[in-house]
There are 2 protein chains.
Amino acid sequence: MTSEKTAAKTAANGTESAAALPLRERKKLRTRQALIDTALELFDAHGFDGVTLDRLCEAVEVSKRTFFRTFTSKEDVAMAPTQDLWAAFLEVLESHPAEGRRLVTVLEESLAGAIGRMPADGWADRVLASRRLAARTPSMDAHGLAFCDRTTRAAVSAINRRFSLAPPAGPADPASSARPGTAELRTRLAVDMSVAAFHQALDGWVAQPSGHTREDLVRRLRTACAELPGALATTVGPHDRSGG
Amino acid sequence: MTSEKTAAKTAANGTESAAALPLRERKKLRTRQALIDTALELFDAHGFDGVTLDRLCEAVEVSKRTFFRTFTSKEDVAMAPTQDLWAAFLEVLESHPAEGRRLVTVLEESLAGAIGRMPADGWADRVLASRRLAARTPSMDAHGLAFCDRTTRAAVSAINRRFSLAPPAGPADPASSARPGTAELRTRLAVDMSVAAFHQALDGWVAQPSGHTREDLVRRLRTACAELPGALATTVGPHDRSGG
DNA sequence: TAGGCTTATGCCACTCAGTGGCAGAATCTT
DNA sequence: AAGATTCTGCCACTGAGTGGCATAAGCCTA
């Protein structure tokens, strides 16, 4: 139980809170970070498939068994930076002022807040390396999408729990138990929209040649979210009508 | 080249066009279908991880080497029904009346058209088995999401090519080469929205106890698409405001 | 219908991701 | 400082996925 809590904490906060942890936990986090950094380095140099786990473990001086106690798969270690962001997103979403505001706005703010929570030192570079690697490694991409999807579902249930847009368990209306309900459906769609906007923001951020700061990522996120209504209204013209 | 075309054709059309093919191709398709059916059967009975490829290949009386010439991975064979749908979607999208209509409407119609193209005999059951399996098999889910993502990107480029909402290669405007451009961004978001709606429709369709027809799936798709504007506008209330 | 040509298949050996078990070392507790 | 807990390393193993090569099956021409 204790390890769970501390793990979640350090995943979001990064380096600073590590000093207060017991030695055993600190060591674990140190090897974890060493594995992440070395993995991104090696993968970047020789490609994801060009590096075996034996090689990586040898470089970090850790047994393969230990690797699999820290990460669930080879893809997992390379996706750690992004996963930290998703974890932070869920945390922020839990405690965020929301009443009376649009759901997509709350999600946008939560995503922006999660980005702001990421460690200022090196996180941006790690995500950049991770995403560029994922772009040319199908299995990594798939792994990342799956994790994102799980986060999405968690976000939907968190929203429904906190804001009670849809009844959680025993509803008074018998019709809402038969089908998912309009509120539930709208929640899922709103979350998926926001996630889509975030993905476009991230893709653009990764594609740009320089200036990879958290602030710039947030800016791109806001731009993408602002385009959602326009995207829904865009019509197809005969030639090059960009819509409006 | 020839094999490519015929494979794409039969993937969308199903059984009937097979009679016109040369014997070699027919055999290949027969083993392919046998692998799919037997795989879904065995996976459903013993779970995805409970069936080794050796076992599957033995049941179909095919060498493991042949399996990997037909499918790219173990997950691939179980996802074939859904992948056929995505392939059909891209085909329909290529030749669809679109001028003057909303982009999301065109996408909705294309998805509905793709569903209508699926073979009436047994396809629904195969998708049902495939999706229910994916729901309890993380690696399958990841594989499916990755394929969906690739299809999404293909759809975006197809749209931009056909409707020239954004310049395809050499633009006259130098600014549009620097950044993705608003039209490109909107296209991606619109496609992601439609795909999200389709996923919700599919999830609901899979979850229902009976009545798994293609028509019902289309009906759910239209319902989900109709909720997109509502999802964007939904606000969070203090208690149980379902929005409106 | 027989010949050569093309292409799919089967078989074998191999790499590598991922797992379970166990002995020993490091850390925590009292 | 001793005992309990937990982490680590090592070993052997399963199973997915690949490359190479010989053979068989389908295809085309005469």
Side-chain angles (χ1 to χ4, degrees), chain A residues 1-7 10 18-35 39 42-43 46-79 137-140 142-143 146, chain B residues 1-7 10 18-35 39 42-43 46-79 137-140 142-143 146:
Chain A
M1 298 185 183
T2 310
S3 63
E4 254 184 43
K5 204 179 293 180
T6 51
T10 48
L21 291 171
L23 175 60
R24 196 181 275 171
E25 301 293 328
R26 259 184 294 164
K27 268 195 166 180
K28 220 198 289 201
L29 284 180
R30 207 190 313 156
T31 45
R32 181 190 147 88
Q33 200 57 47
L35 279 169
L42 288 176
F43 291 162
H46 311 109
F48 184 78
D49 294 330
V51 181
T52 66
L53 282 182
D54 293 306
R55 214 152 114 82
L56 170 60
C57 291
E58 191 188 9
V60 191
E61 288 180 314
V62 163
S63 83
K64 202 171 64 171
R65 204 69 189 79
T66 298
F67 175 89
F68 281 107
R69 279 190 207 97
T70 314
F71 299 99
T72 61
S73 70
K74 189 184 178 186
E75 288 80 17
D76 201 37
V77 65
M79 294 304 249
T137 310
S139 69
M140 268 187 66
H143 192 267
Chain B
M1 298 188 182
T2 310
S3 62
E4 256 185 41
K5 205 179 291 180
T6 51
T10 48
L21 292 171
L23 175 59
R24 194 183 276 172
E25 300 293 328
R26 262 183 291 164
K27 268 198 166 181
K28 219 198 286 201
L29 284 180
R30 207 190 313 156
T31 46
R32 181 191 146 90
Q33 201 57 47
L35 280 169
L42 288 177
F43 291 162
H46 312 108
F48 185 77
D49 294 328
V51 181
T52 66
L53 281 182
D54 292 307
R55 212 146 109 81
L56 171 61
C57 291
E58 190 188 9
V60 190
E61 289 179 313
V62 164
S63 83
K64 203 170 65 170
R65 203 70 189 80
T66 299
F67 174 89
F68 280 106
R69 270 189 280 263
T70 315
F71 299 99
T72 61
S73 70
K74 189 184 177 187
E75 289 79 19
D76 201 37
V77 64
M79 293 305 252
T137 310
S139 70
M140 268 185 68
H143 193 265

At under 4.0 Å between heavy atoms, which parts of nucleotides 25-30 of chain C does protein reach? Answer with one letter per nucleotide, 5' to 3': B base, S sugar-phosphate only, - none.
-> -SBS--
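- Of all heavy-atom pairs between A:Ala142 and B:Ala146, the closest is CB-CB, 3.6 Å.
- Taking only side-chain nitrogens and oxygens, B:Lys28 comes nearer than 4.0 Å to OP1 or OP2 of C:dA8.
- Remark: C1' of D:dC10 and CZ of A:Phe67 are 18 Å apart, rounded to the nearest angstrom.
- The separation between A:Phe43 atom CZ and C:dC16 atom P is 13 Å, rounded to whole Å.
- Computed from coordinates, the A:Arg26 CZ to D:dT6 P distance equals 19 Å when rounded to whole Å.
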Between the protein and nucleotides 21-24 of chain C, list every N/O to N/O distance that falls short of 3.5 Å.
from, atom 1, to, atom 2, distance (Å)
C:dG21, O6, A:Arg65, NE, 3.2

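- For A:Ser63 and D:dT8, the shortest distance from a side-chain N or O to OP1 or OP2 is not below 4.0 Å.
- Under the rule for a side-chain contact (heavy atoms from CB on, under 4.5 Å), the partners of A:Arg65 that lie at least two apart in sequence or sit in another chain are A:Ser63, A:Phe68, A:Arg69.
- Residue side chain A:Lys64 reaches the base of C:dG18 through a donor-acceptor N/O pair under 3.5 Å, judged by distance alone.
- Remark on DNA chain C: of its neighbouring residues A:Phe68 and B:Thr70, the 5'-side contact belongs to B:Thr70, judged by nearest-heavy-atom nucleotide.
- The distance from atom CG of A:Leu35 to atom C1' of C:dA17 is 16 Å, rounded to the nearest whole Å.
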Under 3.5 Å, side-chain donor or acceptor atoms of residues 50-58 of chain A against the rest of the protein: list the pairs with distances, not counting sequence neighbours.
from, atom 1, to, atom 2, distance (Å)
A:Thr52, OG1, A:Arg55, N, 3.2
A:Arg55, NH2, A:His46, ND1, 3.3

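- Note on the helix from C:dG4-D:dC27 to C:dT30-D:dA1: angle between the axes of the first and last five pairs equals 20°, rounded to 10 degrees.
- What separates CG of B:Leu29 from P of D:dG26 is a distance of 15 Å, to the nearest Å.
- The two residues A:Asp49 and A:Lys74 come nearest to each other via the heavy atoms CA-NZ, 4.2 Å.
- Listed here is the closest heavy atom pair of B:Met140 and B:Met79: O-CE, 3.3 Å.
- In this structure, B:Arg30 atom CZ and C:dT9 atom P are separated by 11 Å, rounded to whole Å.
- Inter-residue side-chain proximity for B:Lys27 and B:Arg30 is flagged as met; some heavy-atom pair is nearer than 4.5 Å.
- Going from atom NZ of B:Lys74 over to atom P of C:dC16 covers 21 Å, rounded to whole Å.
- Shown for residues 49-62 of chain B: residues whose heavy atoms fall under 4.0 angstrom of DNA chain D, namely B:Val51, B:Thr52, B:Leu53.
- With rounding to the nearest 0.5 angstrom, the OG1 atom of B:Thr66 is 10.5 Å from the NZ atom of B:Lys28.
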Please lay out, stage by stage, how A:Thr137 and A:Phe43 fare under the test side chain to side chain contact (heavy atoms under 4.5 Å, CB included).
-> CA-CA 10 Å; A:Thr137 310; A:Phe43 291 162; over 6 Å; no
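- Residues B:Phe67 and B:Val60 are not in side-chain contact: their nearest non-hydrogen atoms beyond the backbone lie 4.5 Å or more apart.
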